[in-house]
Amino acid sequence: MIDNTYNFNRIWSILQKEYPHPDPALHYNNVLELLVATILSAQCTDAHVNKVTESLFRKYRNVEEFAGADPDELEKEVYSTGFYRNKAKNIRKSSQIIISDFNSRVPDTMEDLLTLPGVARKTANIVLARGYGVMGGIAVDTHVKRLSKRLGLTEHTDPVKIERDLMALSRQEDWEDLSMTLILHGRRVCPARRPRCTECMVNELCPSNSNESS
DNA sequence: ATCCCGAGGG
DNA sequence: CCCTCTGGAT
């Protein structure tokens, strides 16, 4: 891998000042709700997930109620987040597995979390970090993937390899904020479609900068 | 590589 | 109309 630690440090320093409090955007009151909200966030905006979970969490209050939910009713609740059949099925089945295999408690290890349907590395990393304070890795979603590539922090497209590159570049204490900061910057300044490079505070350091050079 | 899938923006 | 949104399973 290219030694771009120096460039990363400069970029990270600027982004940290720009986004001093990269607060998580999903709303939840416990680890189970965090898990459910994160499953729902696949290919869907966080704001929309929050709108759906507001009534969802009022209707289903614990893992037993999610596990015993009527499939059609649950589908209707999560309908607007897209992929509603898969998401409803995964939430129900994961809840059943949590009851049968993990004493009704959301697992706190990567290995156990990955046994839940609808839960892969990205979702597991978020549950571990925000739910249990375990920093085992970096959540790589569509924003982190896109920004990492544009900023020259990785040459890979495979999320696992991107995660490894980011972990090598950054300090462990920054992992959670790094993921959230890239997401915020991606939403506000560097979206997939039309990146606004002229407004970007790290454009001088960005290999993908599309500003007209004067 | 492909499918799941509605909502919102340009 | 088109593309994208805090992915995951086959």
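In what follows, chains are A, B, ... by sequence order, proteins preceding strands, each numbered from 1.
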Of A/V127, A/N30, A/D112, the one forming a side-chain contact (heavy atoms from CB on, under 4.5 Å) with A/V106 is A/V127
To the nearest Å, how far apart are A/L147 CG and C/dT6 P?
-> 12 Å
Which part of the nucleic acid does A/A25 contact within heavy-atom distance under 4.0 Å: base, sugar-phosphate only, or nothing?
-> base
So which protein N/O to nucleotides 7-10 of chain B N/O distances come out below 3.5 Å?
{"residue": "B/dG9", "atom": "N2", "partner": "A/R193", "partner atom": "NH2", "Å": "2.6"}
{"residue": "B/dG10", "atom": "O3'", "partner": "A/R194", "partner atom": "NH1", "Å": "3.0"}

Give me the ring orientation class for A/F57 and A/F66: parallel if the planes are under 30° apart, tilted from 30 to 60°, perpendicular past 60°.
-> perpendicular
Nearest whole angstrom, please: distance from the P of C/dT6 to the CZ of A/R146.
-> 9 Å
Distance check: side-chain N/O of A/T45 vs OP1/OP2 of C/dT4, anything under 4.0 Å?
-> no
For nucleotides C/dG8 and B/dA7, find the distance between their P atoms and express it as a whole number of Å.
-> 22 Å
With a 4.0 Å cut-off on heavy atoms, is A/P117 in touch with a base, just the backbone sugar-phosphate, or nothing at all?
-> sugar-phosphate
A/K89 atom NZ is separated from C/dA9 atom P, nearest whole Å, by 11 Å
Got A/I138 and A/S170 here, is their nearest side-chain heavy-atom distance under 4.5 Å?
-> yes
Tell me: NZ of A/K122 to P of C/dA9, nearest whole Å?
-> 12 Å
Between CD of A/E163 and C1' of C/dT6 the distance, given in whole Å, is 14 Å
So what does A/S179 hit on the nucleic acid, given a heavy-atom distance under 4.0 Å: a base, only sugar-phosphate, or nothing?
-> nothing
Just call it for A/I39: base, sugar-phosphate, or nothing, with non-hydrogen atoms closer than 4.0 Å on any strand.
-> nothing
When you check the phosphate oxygens OP1 and OP2 of B/dC5, does a side-chain N or O of A/R85 lie under 4.0 Å from one of them?
-> yes
NA contact type, A/V144, heavy-atom cut-off 4.0 Å: base, sugar-phosphate, or nothing?
-> nothing
For A/Y84 and C/dG8, give me the distance from atom OH to atom C1', rounded to whole Å.
-> 18 Å
Quick check: are there more than 12 heavy atoms from other residues, nucleotides or ligands sitting under 6.0 Å from CG of A/D70?
-> yes
Value in whole Å for how far the P atom of C/dT4 lies from NZ of A/K145 | 13 Å
Can you list the steps and then say if A/Y19 with A/D177 is a side chain to side chain contact (heavy atoms under 4.5 Å, CB included)?
-> CA-CA 9 Å; A/Y19 306 100; A/D177 283 350; over 6 Å; no
A/E204 CD: over 12 foreign heavy atoms closer than 6.0 Å | no
Report yes if a side-chain nitrogen or oxygen of A/T142 is closer than 4.0 Å to either non-bridging phosphate oxygen (OP1 or OP2) of C/dC5; otherwise report no.
-> yes
Using the rule that two of Ile, Leu, Val, Met, Phe, Trp, Tyr join whenever any of their side-chain heavy atoms come within less than 4.5 Å, decide whether A/L128 and A/M167 are in one cluster.
-> no
Euclidean distance, atom CD of residue A/Q43 to atom C1' of B/dT2 [Å, nearest integer] | 14 Å
Using the P atom in both, what is the distance from C/dT6 to B/dC4, to the nearest Å?
-> 22 Å
Just checking A/L116: base, sugar-phosphate only, or nothing, at a heavy-atom cut-off of under 4.0 Å?
-> sugar-phosphate
So do A/T154 and A/L169 actually touch side chain to side chain, heavy atoms under 4.5 Å?
-> no
